[in-house]
Structures are given as structure tokens and as C-alpha cells.
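What follows is a short report on a single structure.
Values below: every heavy atom of this structure, side chains too, minus hydrogens, waters and symmetry copies.
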Amino acid sequence: MDILSEIIEISDEMVNSLEEDGFFEEHQFIDRIPLKRALQIAMQRKWEQEDNMFLTNTEFLKVCNDTMEANISTTIMDLVEKGALNMS
């Protein structure tokens, strides 16, 4: 198995495990697919830089926070564009 296939498999397992534990219900601004993609990118970058794809707790939390921030920004912009939120 090549490294990219392994990263995809492991990220799928991580997201499935998070889903089973109710992570996405607790963190409603983190969606499954964007988190999986962000994990894959972070794991690939780490592999390229350190020859190790496994994220530390801190790295994992950063990926989650970055994903959440992007999702919140998108949600706010969608509300502004629809006129549901007026930003002064």
C-alpha cells in the first residue's frame, strides 16, 4: 500500500471513530468531509516534512480548529449574502 492510500484509510478511520463518539454532534461547526480532507492534507504534509504521518494531539486540534473557523466564516458570509445578517 502506498502512503497516500494509507493516509486516506487512516483519516477515514479517524473520522468514523469521531462520528461514532458523537464528535460532530458536539462540534456542529465541524463537518465530516472538510475535516477528513484537512486531516489528509496535514498528514501528507507531515509525511513530506518528517517522514511520519501521525499527528500529535496539538496538530489534530489545530486541524479541527482551522476547519471549524473556516466553516464559521462560510456560514457568516452565507447569512450576510442572504440578508439574514447585517454587518455594520
- Message: To check you understand the geometry: which heavy-atom pair defines the closest contact between A42 and V63, and what is its length?
- Response: CB-CG2, 3.7 Å
- Message: Run the side chain to side chain contact (heavy atoms under 4.5 Å, CB included) test on V15 and F23 for me, step by step, so that the C-alpha distance in whole Å, both residues' side-chain angles and the decisive distance to 0.1 Å come before the verdict.
- Response: CA-CA 9 Å; V15 170; F23 177 84; over 6 Å; no
- Task: Count the heavy atoms belonging to other residues, nucleotides or ligands that lie under 6.0 Å from CD of Q28, then report whether that count exceeds 12.
- Result: no
- Taken to the nearest 0.5 Å, the spacing of E81 CD from T74 OG1 works out to 10.0 Å
- Item | Spatial distance of atom CD (Q44) from atom CD1 (I7) [nearest 0.5 Å] | 5.5 Å
- Only counting residues at least two apart or in another chain, list the ones meeting side-chain contact (heavy atoms from CB on, under 4.5 Å) with N16. E19, R32
- Partners of I10 by side-chain contact (heavy atoms from CB on, under 4.5 Å), sequence neighbours excluded? E6, M14, M43, M53, F54
- salt bridge (charged side-chain N to carboxylate O under 4.0 Å, His left out) partners for D78, two or more places apart: none
- Note on the structure: Output for pair (W47 CH2, I3 CD1), nearest 0.5 Å, gives 4.0 Å
- Item | Sequence-distant partners of D31, side-chain hydrogen bond (donor to acceptor under 3.5 Å, both in side chains), two or more places apart | N71
- Going by the salt bridge (charged side-chain N to carboxylate O under 4.0 Å, His left out) test, which pairs reach into residues 55-75, not counting sequence neighbours? K46-E59, K62-D66
- Query: Can you name the residues that form a ring-ring contact (aromatic ring centres under 6.0 Å, His included) with F24, not counting sequence neighbours?
  - Reply: none
- Rounded to the nearest 0.5 Å, what separation is found between the CG atom of N65 and the CZ atom of F29? 13.5 Å
- Query: About how many Å separate CG of D12 and NZ of K36, when rounded to the nearest 0.5 Å?
  - Reply: 4.0 Å
- Message: Give me the atom names and distance for the closest heavy-atom approach of I30 to C64.
- Response: CD1-O, 3.7 Å
- Message: Measuring from atom CD of E9 to atom CD of E13, what distance do you get when rounded to the nearest 0.5 angstrom?
- Response: 5.0 Å
